[in-house]
There are 2 protein chains.
Amino acid sequence: MIDTKEKILDVAEELFSELGFSATSLRAITQKAEVNLASVNYHFGGKEALIAQVLSRKAEPLNKLRLDHLGILQAKGQPSLEELLTAFIAPALQMVKSKSGERYIKLLARVAIEPIGDVAKNLPGQYTEVLDQFVPAIIEHVPTLPAEELYWRIHFMLGNLGYCMAGQDAMLLNSENRLCDPNDIDGMIHRLVAFVAAGMRAEVPEQYRKAS
Amino acid sequence: MIDTKEKILDVAEELFSELGFSATSLRAITQKAEVNLASVNYHFGGKEALIAQVLSRKAEPLNKLRLDHLGILQAKGQPSLEELLTAFIAPALQMVKSKSGERYIKLLARVAIEPIGDVAKNLPGQYTEVLDQFVPAIIEHVPTLPAEELYWRIHFMLGNLGYCMAGQDAMLLNSENRLCDPNDIDGMIHRLVAFVAAGMRAEVPEQYRKAS
DNA sequence: GTCTATAACTAGATAGAC
DNA sequence: GTCTATCTAGTTATAGAC
């Protein structure tokens, strides 16, 4: 069947996100997907490669959304820092509205907690293309920022994003009386962009103000 | 024995962080701790309450460090925003240098991924006292910030902190060629404080600039 | 009781027929 | 591309020697 690969990926994504990687056997996946056991190896090369594909299949449309958004901005002239950050942040936060997006963030968390082979080590590679496009555009707005400082701040932004994507599942967000609604995705995007933009523009602490 | 409770907590912390909550049986815990199976129920009331205690036992010294730090600052006059944020951020990041601190952050991640009863719901309560002390002190530096906006930014800061605490286990941080060293805890603290302080002081986006 | 050998089972990977 | 059969490794359980 032509979509055997897709069926395997769908079931694998579901079981991996629910049970974890080591608790999910290839036999369980192939049985539920109603395909042959050997087809995993034929199509993917092994369990670890399957995991990597499950993850990259989700990363790809996200990458595309971000790059498309960036392309549209740049076609209109030089985008503002806020516009750049929105192009990076909004697709990720909008993604987690869907069931499938929720699974993706759960899978990322599992990779961090239950490291399988080189999967975690290879994850950042799925985002390098996007970062390589965004980082130079961001630099234009903070030209005096040392490169090391810039990458720290990129990481801080990724931290913000991860926490917000985890949303209601995150432990500290579902607090009462804290006056902000984690379901207000658009509000979250606007506010996060403002917060990160200010952080990006922050003055560099003296001791780190060497040339880059 | 007088420290049966402590022994149970130690072993439970270790097994929960390594195996997860549902994969760790009370039998496994009591056997490894060399205590009677029934003692868990006697001392804690049940598995869920044990989990809650394992978590709160870690939160308490962190809370104390933060509040002590804050007290010292306030005794010297009005602290700067950067000093306040350092008092909040530094204890958490320094904690994860230890094996036990690593376990704690792993447990927090597990609570998010594998929700057990009301444990996740009750976690924020372990930090309310600290936040109730810090938030008013922070407000003095951003007096025009609407309350809702302030809490969003507090959450953004918590996101930064969580990501940095996860450190090398986090998926996106162990990237090559990104020029920043996640083991440089002091550098991380200084830079994160500068980043968050700027975010706190950011101008409020127009649409959210209603009175608080 | 403790230790070791082995059996039974499970899982990932592969070869070769179709 | 799909399938059956098989190989290899790792884990768990158990039997029997000491």
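Naming convention: chains lettered A, B, ... in sequence-line order (proteins, then strands); numbering from 1 in each chain.
Annotation: ring-ring contact (aromatic ring centres under 6.0 Å, His included) contacts involving residues 84-124 of chain A, sequence neighbours excluded, comprise A/F88-A/F134. Counting only residues at least two apart or on different chains, the side chain to side chain donor-acceptor pair (under 3.5 Å) pairs with a member in residues 25-36 of chain A are A/E14-A/K32.
Not a single ring-ring contact (aromatic ring centres under 6.0 Å, His included) links A/F44 to another residue, sequence neighbours left out. A/Q78 is linked by a side-chain contact (heavy atoms from CB on, under 4.5 Å) to A/E140, A/H141, counting only residues two or more places apart in sequence or in another chain. Every side-chain hydrogen bond (donor to acceptor under 3.5 Å, both in side chains) that A/S22 has, sequence neighbours left out, goes to A/E114.
A/N36 has its CG atom 9 Å from the P atom of D/dT2, to the nearest Å. Residue A/E6 contributes atom CD, which lies 13 Å from atom P of D/dG1 at whole-angstrom precision.
Taking 4.0 angstrom as the limit, A/S39 places none of its side-chain polar atoms (N or O) nearer than this to OP1 or OP2 of D/dC3.
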Next on the checklist: Please encode protein proximity along nucleotides 12-18 of chain C as a string of B, S and -, counting only heavy-atom distances under 4.0 Å.
Outcome noted: BBB----
